[in-house]
Amino acid sequence: MAGPDRDRLSWYEASARQRLDALLDPGSFTEALGPAERRMSPHLPLFDLPRAFDDGIVVGAGVLDGKAVFVAAQEGRFMGGAFGEVHGAKLVGLLRAAVAAKPAAVLLLLDTGGVRLQEANAGETAIAEAMRAIVEARAAGVPVVGLIGGRAGCFGGGGLIAGTCSRLAVSEGGRISVSGPEVIETNKGAEEFDSRDRALVWRTMGGKHRRLIGGADAFCADTVAAFREAALRLIADAPAFDLDTLVAEQDRLQARLDRFGDCRDATDIWARLGVNDPDAVPAMDTPAFEETVAHLREATHDAR
Amino acid sequence: MESLTFRHTTKTPLAGSKPQAITGVVASGNLEILLERVLPPDTCEVAIETPVSGYGQVWEAVVADFVARAQPGGLRISINDGGARPDTVSLRLLQGARLMEA
Amino acid sequence: MADWRGERKARDARIEAGRAHAQGKVVPAGEATALLDAVLKPGDRVCLEGDNQKQADCLARALSQCDPARVHGLHMVQSGIVLPEHLDVFETGIAERLDYSYSGPQGARVAKMLYGGQIKLGAVHTYLELFARYFIDLTPHVALIAGVSADREGNLYTGPNTEDTPTIVEATHFKNGVVIAQVNEIVDKVPRVDIPGDRIDFVVEADTPFFVEPLFTRDPAAMTETQILIAMMAIKGIYAEYGVRRLNHGIGFGTAAIELLLPTYGEKLGLKGEIATHFALNPHPTLIPAIESGWVRQVHCFGSEVGMDRYIRERPDVFFTGADGSLRSNRALCQTAGLYACDMFIGATLQIDLMGHSSTVTQSRVAGFGGAPNMGSDPHGRRHPSDPWMKAGREGQVVGDPALMRGRKLVVQMVETFGEKLVPTFVERLDALELAKKIGLELAPVMIYADDVTHIVTEEGIANLLLCRDADDREQAIRGVAGYTEVGRGRDRAKVEELRARGIIRRPEDLGIEPLDADRSLLAARSIKDLVHWSGGLYEPPARFRNW
Amino acid sequence: MTRAKTTLAEILASLFPGGHAVTVANGLIAGDGPFEGGRLRVIGIDGDTPLGIEGALALAGHVLDAVRSGDRAPILVAVDSDSQRMSRRDELLGLNECLAHLAKALLLADRHGHPTVGLLYGHSAAGAFIATALATRVLAALPGANPSVMDLPSVARVTKLPLDKLQEMAKSTQVFAPGLDNMRAAGAVHAVLDPAAPLGPQIRDLIATLPERDGRDRLGRERGGRPVAEEIAATVAGQLRGR
């Protein structure tokens with residue numbers, strides 16, 4: 001394959017390593033605890049499951065348009081990008097290093113189904129550690145920007161990590177939620193959530209919906225170039241982590257609840273937001289969608 | 001999990017000087033391959049971890065064909081397999097060798 | 001004195017009995033079972049419409065609820081065993097004998113019930129073969145069909161999924177049978193008349209629109225590098241080699257990959273207009289980029305495909321459409337077109353043996369054939385020449401007067417050497433033979449017989465069976481492309497190299513193809529969404545194929 | 001193994017022998033009581049209640065009120081919850097943002113000088129656990145508490161492993177098995193309190209010895225429930241700092 005062509009490379013299709021290669025300035029990435037160190041999961045063999053040399057996450061330092069950044073990229077195809085012990089600890093180590101090293105930003109290329117059940121307690125705790133470390137990095141003035149557009153989406157504790165970031169960029173294919181559609185269907189039945197109705201899934205938790213309601217700050221076409229451009233914009237415009245920000249977020253989320261709490265479907269919300277033709281939203285291309293977003297007050301804010 | 005190791009002597013070392021490369025992803029029907037230039041130039045070793053047991057002969061044949069074709073002298077090749085089909089394994093091995101030659 | 005009108009009288013009596021449940025011809029859905037109880041007689045031959053696409057599902061449900069004391073011992077003559085109800089009727093005794101063609105999702109249950117003796121099987125047919133028998137010895141007494149809408153006179157609009165309906169009605173109505181149609185709605189005027197009202201005896205207004213399976217939608221996102229490599233080899237080593245313009249594709253990912261490579265890889269090879277211009281094919285969504293970039297001139301369809309209707313409506317130069325603008329499909333005619341007017345069939349299978357026989361039957365599933373054997377066979381009735389047909393004929397002809405040589409249909413099996421879960425595609429002996437023995441079939445369910453197959457394409461190479469001159473050539477040609485399967489590893493390496501020298505086996509490098517170039521970036525569309533973009537928003541994929 | 005869990009009423013009575021103003025409404029706990037010469041604020045979830053968007057915002061609101069007051073009073077997060085509420089509506093309206101917001105509020109309070117102490121006295125799971133108890137500086141539990149990420153039957157369904165095999169594995173493999181002992185071994189739960197002794201002094205002691213930094217991975221190594229996390233995180237951080 002030819003070298004990384006970030007204009008053509010699909011974020012959704014690319015592996016974690018391909019995303020990083022194309023996202024960062026060429027040749028700038030240095031990996032921490034790379035695959036040759038073979039720090040693999042000590043637990044998966046008990047379940048007769050194959051391991052990955054990097055335990056499904058690539059962490060390290062690189063340069064983004066001349067700025068030093070720390071990056072972590074989850075591989076959504078290995079164990080659904082889920083947090084195991086090593087996987088989670090690599091992210092935590094990166095974030096803690098950021099507090100001291102103060103790079104221009106930390107970029108989290110999230111692509112995860114949540115906690116890896118075979119290592120559930122370790123994964124769950126690591127997510128809590130990561131959230132604490134994100135807050136510490138943000139408080140130290142390091143923007144933490146989440147980039148979401150992989151096939152595993154961003155579920156479970158990954159959704160909470162996303163909600164802890166300074167800024168989020170999402171593409172149409174990206175999904176952000178806590179419980180996944182299958183989990184809800186299994187627990188509450190297909191009447192509550194028909195997980196096979198993929199249009200419904202994406203209306204409920206997909207990138208466009210998250211962007212429209214202000215759950216994400218940038219909407220990207222599905223190319224690495226678009227995510228790079230969004231990341232640069234978002235780094236330059238990250239909200240502080242302080243009381244004012246969280247009070248504003250409280251007000252923002254409460255207002256959302258008051259205004260849309262009785263809506264049954266995303267299209268009801270979009271209509272109330274002032275989108276002219278809500279049913280047309282899923283089919284919109286990126287420019288048309290950006291145009292729609294530009295008219296909505298709720299989508300753009302510093303309350304995160 | 002089954003572990004397999006194959007050691008081959010090659011006629012030539014693999015071209016290029018890249019010390020290390022990784023390709024592929026451990027996923028159902030897929031695999032990752034880590035290549036490291038750490039062995040004597042006429043030696044190649046391929047170590048495989050696979051969750052699918054009983055395919056030793058197939059692996060042996062795939063690896064032998066790859067070695068004959070690519071002459072990957074000097075490489076230690078480590079494979080984490082996710083149940084990939086032999087053709088996928090061949091393809092990834094060739095991809096890996098090409099990365100090392102770059 | 002002979003009564004030459006006995007059947008006619010019996011038909012009139014059935015219709016009379018049914019009238020009690022109808023207003024004119026119209027029957028409410030809730031009365032459908034009562035209607036069938038009144039019209040059907042024990043032992044009737046019944047055609048319940050349904051194939052690999054649309055289903056007369058409302059009538060299937062109604063039939064399954066009939067009173068087995070009144071309606072029993074039916075002989076079902078139908079294209080598809082697809083819905084659970086299609087088999088339920090055999091469990092309750094409503095039906096007893098079966099002649100059919102295709103059973104995708106119900107394949108395992110069919111096998112079990114054949115084995116258990118609940119079904120008395122006539123034969124597993126190909127579509128054309130079964131249709132043909134409707135006019136000879138399997139003429140239905142009652143046909144239960146599906147359409148989109150009807151007026152009160154019974155004029156029927158089948159919509160884009162016309163499929164088997166005209167054939168079934170032709171055979172039933174004109175030979176003293178009763179035709180009952182389920183429709184999604186009764187209208188004052190149908191958009192176009194696909195079946196004239198005088199051929200329809202009853203119209204049941206269904207409670208839900210009839211089901212259509214989106215069987216021909218392949219998500220480009222799931223296409224693998226191996227499938228792309230095989231597709232590249234097929235394009236360069238077969239399409240270009242023979243100049244194949246008129247053809248039929250199977251429904252697998254391999255042929256879908258070919259469709260998506262035409263505007264990219266095919267363009268690079270300069271093949272536009274030279275290959276793949278005329279199809280007997282359903283409106284595959286993956287064909288959209290090739291249509292939009294001017295590769296495909298004409299497509300005739302067996303049926304439609306879910307979500308493609310608006311697109312087809314806007315491309316009448318390519319598709320067959322009616323005065324109302326919507327697609328007119330016809331399974332029997334398209335199968336005939338595939339058999340006689342196409343120079344090539346290319347499709348996949350689950351198993352190939354050492355001679356090249358292939359089957360989609362496994363030890364526990366009777367999948368049926370559908371139309372593949374019609375398209376995938378050499379029509380001995382063909383009398384018009386074409387370059388690909390003549391070239392294949394020359395390659396295959398060993399002895400005899402060249403002046404009496406005739407052409408050959410190209411029948412290409414395109415497979416990966418291993419299938420799902422590392423199951424080998426190449427086997428010493430087809431599972432179909434085991435199954436036939438187990439359930440007592442006189443004829444083993446072979447999909448395409450070896451003597452019809454001209455080429456096998458795998459990721460390892462192309463085997464040209466036309467050029468094989470004896471059984472050993474043939475076996476080693478097949479082993480030589482069978483990869484790392486046991487069959488492949490059992491090859492005679494020297495013989496395989498000889499076959500390669502003779503051009504019988506061609507590797508990617510022999511075709512000038514670098515396997516590492518087989519990359520997803522070659523696909524004209526890499527997702528369903530890309531297909532929507534190619535279509536200018538006209539393609540409306542079903543929800544389960546969306547990720548937006 | 002299954003000990004009777006301590007009830008919220010018992011906890012409050014033990015903490016505040018002189019009475020308190022802590023109430024429970026719709027499963028949400030809020031209020032305060034006199035503590036060590038000042039006040040102890042209490043928020044939390046009672047009665048195995050799932051945590052949805054309304055609950056998360058209500059609790060976060062109390063925490064932010066506390067920060068705004070500037071009193072630096074300790075905040076006790078008492079938890080007997082279900083997992084996050086599983087519904088289409090919650091996800092539609094951004095449950096991930098609401099749960100993260102609650103966790104951020106607790107982490108902010110900590111940074112503003114409010115000692116945050118979790119007290120797990122019943123169940124908790126998944127996202128609800130992360131947003132509440134796991135977002136405190138120190139997490140204590142009472143015997144009988146039953147935290148989990150997912151129950152074993154659900155794990156069996158997802159991993160496609162037989163339940164009895166999982167139950168067998170759970171005995172020797174702490175990293176995936178539900179329950180207080182395993183969560184303690186992972187380092188998520190710092191200490192298990194003595195329900196027989198007054199809780200006030202025990203909480204006071206926890207506050208007096210709050211860990212300076214997040215040491216849960218160290219505990220995980222020491223207790224064997226997370227053998228490698230600490231070293232992995234330290235190695236990554238070391239390699240990055242060394243640049």
Side-chain angles (χ1 to χ4, degrees), chain B residues 1-2 4 6 14-16 18 21-33 35 46 48 50-72 79 81-102, chain C residues 221-233 253-254 257 348 350 414-426 456-462 479-493 496-497 500 507-510 513-522:
Chain B
M1 297 297 293
E2 186 169 316
L4 302 163
F6 303 103
L14 188 80
K18 199 162 177 201
I22 184 163
T23 183
V25 171
V26 185
S28 175
N30 213 327
L31 74 165
E32 71 173 347
I33 299 187
L35 306 96
V46 181
I48 299 142
T50 173
V52 191
S53 51
Y55 281 81
Q57 287 182 329
V58 176
W59 283 103
E60 187 177 358
V62 171
V63 169
D65 283 353
F66 164 71
V67 170
R69 182 163 174 173
Q71 291 295 312
I79 295 179
D81 176 41
R85 300 184 305 192
D87 52 281
T88 309
V89 178
S90 293
L91 195 66
R92 291 274 174 273
L93 282 167
L94 291 172
Q95 281 169 344
R98 183 186 268 194
L99 287 173
M100 293 295 282
E101 285 168 341
Chain C
M223 241 159 242
T224 65
E225 291 144 319
T226 299
Q227 287 158 351
I228 293 166
L229 173 62
I230 297 174
M232 290 164 75
M233 284 195 278
F253 275 97
L350 287 182
M414 186 178 176
V415 296
E416 297 168 70
T417 54
F418 285 89
E420 296 281 305
K421 296 187 175 154
L422 286 166
V423 175
T425 304
F426 291 89
I456 296 172
V457 191
T458 74
E459 72 276 4
E460 201 187 3
I462 300 177
R479 286 188 188 276
V481 295
Y484 294 99
T485 59
E486 216 170 314
V487 166
R489 282 181 287 132
R491 72 187 60 174
D492 173 344
R493 282 178 175 259
V496 166
E497 279 314 303
R500 198 172 157 198
R507 303 281 179 228
E509 55 263 42
D510 303 336
I513 292 171
E514 165 57 67
L516 293 185
D517 291 344
D519 188 88
R520 284 180 46 80
S521 65
L522 280 178

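Chain naming here is simple, since letters A, B, ... match the order of the sequence lines and numbering starts at 1 in each.
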message: Can you confirm whether B/Pro86 sits close enough to C/Thr417 that some side-chain heavy atom of one is under 4.5 Å from a side-chain heavy atom of the other?
response: no

B/Val58 and C/Arg489, any side-chain heavy atoms less than 4.5 Å apart: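 Touching, per the 4.5 Å side-chain cut-off.
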
message: For C/Glu416, which atoms come within 4.5 Å of any heavy atom of chain B: side chain, backbone, both, or neither?
response: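 Side chain only.
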
- prompt: Are more than 12 heavy atoms from other residues, nucleotides or ligands located less than 6.0 Å from atom CD of C/Glu420?
  reply: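 No, the 6.0 Å shell around CD holds no more than 12 heavy atoms from other groups.
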
message: Are more than 12 heavy atoms, taken from residues, nucleotides or ligands other than C/Glu486, located less than 6.0 Å from that residue's CD atom?
response: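 Count not over threshold, so no.
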
Derivation of the side chain to side chain contact (heavy atoms under 4.5 Å, CB included) call for C/Glu225 and B/Gln95: CA-CA 12 Å; C/Glu225 291 144 319; B/Gln95 281 169 344; 3.4 Å; yes

field: Approximate separation, where rounding is to 0.5 Å, of B/Asp87 CG and C/Ile230 CD1
entry: 7.5 Å

task: Kindly compute the distance separating CD (C/Glu514) from CG (B/Leu94), expressed to the nearest 0.5 Å.
output: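 Answer rounded to 0.5 Å: 7.5 Å.
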
- line: Here the pair of heavy atoms bringing B/Val52 nearest to C/Leu422 is CG1-CD1, 3.8 Å

statement: For C/Gly419 and B/Arg85 the tightest heavy-atom approach is O-CD, 3.5 Å

- request: Decide side chain to side chain contact (heavy atoms under 4.5 Å, CB included) for B/Asp65 and C/Tyr484; before the verdict, give the C-alpha distance in whole Å, the side-chain angles of both, and the deciding distance to 0.1 Å.
  value: CA-CA 10 Å; B/Asp65 283 353; C/Tyr484 294 99; 2.7 Å; yes

- prompt: Tell me, side chain or backbone of B/Ser28 under 4.5 Å from chain C's heavy atoms, or both, or neither?
  reply: neither

